[in-house]
Amino acid sequence: MNKNEKFVITINRELGSGGRTVGRLLAEKLGVPFYDKAVIKTLQEKYHISPEEIERLKGRKHSWWADVERILKIDSGMSMDYYMPKKGDAPDLLTTDEMFKTETLILQDLAVGESCVVAGRSGFHVFRLHPNHLSVLIQASMEHRMERVARKQGITPEEARKIIDQVDKMRENYVKKYTGTSRYDTRNYQLVISADGKTEEQMADLIMQYIED
């Protein structure tokens, strides 16, 4: 990946690995926007963006994304609260083919406009044909993940394990349905990092080192 040209870095991660925080820190180090599920979901819900609306704007003129930016009021300071499943939450089964298509179009056009870091949303697949794309997977041992989720949510390790198992299943089903591959298949990534024994800052620095080499 050449950081001197327009680029996109995708961070796929396991719940409890700290991957989203790594993505945010990496974006800060690179001075580019950071996008995740919370941002995309908010754009869809608040502004009712659909594939049809995107296609309508595209058909009106070539610089259609400028219109979308005005509609969405996107800027580099945009920040959303991250959703982490709580005890008792039902699995997220509400994703539809249209929602996935909308997410994909929004992400791809965000990357056309500027360099960015994207967490989750099957980014490794969405940007697989991007000419300047770095795909990263951040994993961790179950013990590491349980400890982190339990600490973040103030729950027991046993409760954390149930949440992790639920989210792992949900995310794997999502990825398989919409990409035809497994999110655990390391052939989808250029860089795989284990979070065990590392801070989020250290992992972000590892990615920076990889980019610089």
Side-chain angles (χ1 to χ4, degrees), residues 1-3 5-27 29-30 32-41 82-85 91-93 95-97 99-112 115-142 144-145 148 164-196 198 200 202-213:
M1 191 202 86
N2 184 356
K3 70 170 186 169
E5 299 179 1
K6 196 176 297 180
F7 64 82
V8 58
I9 300 174
T10 56
I11 309 287
N12 279 77
R13 75 280 186 219
E14 293 183 308
L15 179 66
S17 69
R20 180 184 176 276
T21 302
V22 172
R24 178 179 54 77
L25 290 171
L26 181 64
K29 290 175 183 291
L30 290 166
V32 301
F34 172 68
Y35 301 113
D36 65 357
K37 176 180 179 178
V39 171
I40 302 304
K41 185 176 181 180
Y82 177 58
Y83 169 74
M84 180 179 284
D92 182 3
L93 300 176
T95 299
T96 64
D97 291 347
M99 288 171 64
F100 178 77
K101 183 179 179 182
T102 302
E103 287 183 358
T104 298
L105 289 171
I106 289 174
L107 286 173
Q108 288 176 339
D109 284 295
L110 283 169
V112 167
S115 296
C116 60
V117 176
V118 177
R121 317 322 299 153
S122 299
F124 70 86
H125 178 79
V126 171
F127 295 103
R128 66 193 183 281
L129 301 179
H130 192 285
N132 198 23
H133 168 216
L134 173 63
S135 181
V136 180
L137 174 65
I138 298 180
Q139 298 180 307
S141 66
M142 183 56 71
H144 178 100
R145 299 171 69 195
R148 192 174 189 277
I164 290 169
D165 288 343
Q166 177 188 34
V167 172
D168 280 353
K169 181 178 180 180
M170 177 185 71
R171 288 181 176 172
E172 178 68 355
N173 288 342
Y174 175 92
V175 171
K176 282 185 174 180
K177 177 179 179 181
Y178 292 107
T179 72
T181 186
S182 169
R183 70 193 185 107
Y184 300 109
D185 188 339
T186 55
R187 290 172 294 185
N188 292 316
Y189 312 98
Q190 284 82 54
L191 181 62
V192 179
I193 298 174
S194 170
D196 290 67
K198 304 178 186 69
E200 288 90 345
Q202 288 171 333
M203 287 187 279
D205 286 339
L206 278 175
I207 300 173
M208 290 294 294
Q209 291 172 20
Y210 181 89
I211 295 170
E212 298 290 347
D213 289 345

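Owing to the predicted nature of the structure, the values given are computational and were not obtained by experimental measurement.
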Nearest 0.5 Å, please: how far is [atom2] in [Y] from [atom1] in [X]?
X	Y	atom1	atom2	result
Thr104	Phe127	OG1	CZ	8.5 Å
Ile138	Ile11	CD1	CD1	5.0 Å
Tyr184	Asn12	OH	CG	11.0 Å
Leu134	Leu191	CG	CG	6.5 Å
Phe34	Leu25	CZ	CG	9.0 Å
Asn173	Arg183	CG	CZ	10.0 Å

Lys169: partners by salt bridge (Lys or Arg N to Asp or Glu O under 4.0 Å), with sequence neighbours left out
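Partners of Lys169 under the salt bridge (Lys or Arg N to Asp or Glu O under 4.0 Å) test: none.
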Which residues share a salt bridge (Lys or Arg N to Asp or Glu O under 4.0 Å) with Lys6, sequence neighbours left out:
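Once residues adjacent in sequence are excluded, Lys6 has no partner under the salt bridge (Lys or Arg N to Asp or Glu O under 4.0 Å) criterion.
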What pair of heavy atoms forms the shortest contact from [X] to [Y], and how long is it?
X	Y	result
Ala195	Ala140	CB-CB, 3.9 Å
Val175	Thr179	O-OG1, 2.6 Å
Ala111	Val8	CB-CB, 4.4 Å

Mind checking side-chain contact (heavy atoms from CB on, under 4.5 Å) for Ser194 and listing every partner two or more places apart, or none if nothing turns up?
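Testing Ser194 for side-chain contact (heavy atoms from CB on, under 4.5 Å), a comparison that skips the adjacent residues, returns Asp196, Lys198.
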Can you list the residues that meet the side-chain contact (heavy atoms from CB on, under 4.5 Å) rule with Asn2, with sequence neighbours excluded?
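Asn4, Glu5, Asn132.
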If you look only at pairs with a residue in residues 184-195, which of them pass as a salt bridge (charged side-chain N to carboxylate O under 4.0 Å, His left out), with sequence neighbours excluded?
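Those involving residues 184-195 are Asp185-Arg187.
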Check side-chain hydrogen bond (donor to acceptor under 3.5 Å, both in side chains) between [X] and all other residues, then give those that pass, not counting sequence neighbours.
X	value
His133	Thr10
His125	Arg128
Glu172	Ser182
Glu200	Arg148

With sequence neighbours left out, write down each residue that passes ring-ring contact (aromatic ring centres under 6.0 Å, His included) with Tyr189, or none if nothing qualifies.
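If we apply the ring-ring contact (aromatic ring centres under 6.0 Å, His included) test to Tyr189, skipping adjacent residues, the hits are Phe124.
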Hey, mind stepping through Arg13 and Val22 against side chain to side chain contact (heavy atoms under 4.5 Å, CB included) and telling me if it holds?
CA-CA 10 Å; Arg13 75 280 186 219; Val22 172; over 6 Å; no
Ser135 and Gln190: CA distance, side-chain angles, deciding distance, side chain to side chain contact (heavy atoms under 4.5 Å, CB included) verdict:
CA-CA 5 Å; Ser135 181; Gln190 284 82 54; 3.4 Å; yes
With the threshold set at 4.0 Å, does a side-chain nitrogen-carboxylate oxygen contact exist between Asp168 and Arg145?
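Looking at Arg145 together with Asp168, the answer is yes, because their closest N to O distance falls below 4.0 Å.
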With a 3.5 Å cut-off and sequence neighbours excluded, list the donor-acceptor pairs that the side chains of residues 204-213 form with protein atoms.
from, atom 1, to, atom 2, distance (Å)
Asp205, OD1, Lys29, NZ, 3.0
Glu212, OE2, Lys3, NZ, 2.7

Give the C-alpha distance, both sets of side-chain angles, the deciding distance and a yes or no for side chain to side chain contact (heavy atoms under 4.5 Å, CB included) between Val118 and Val126.
CA-CA 10 Å; Val118 177; Val126 171; over 6 Å; no
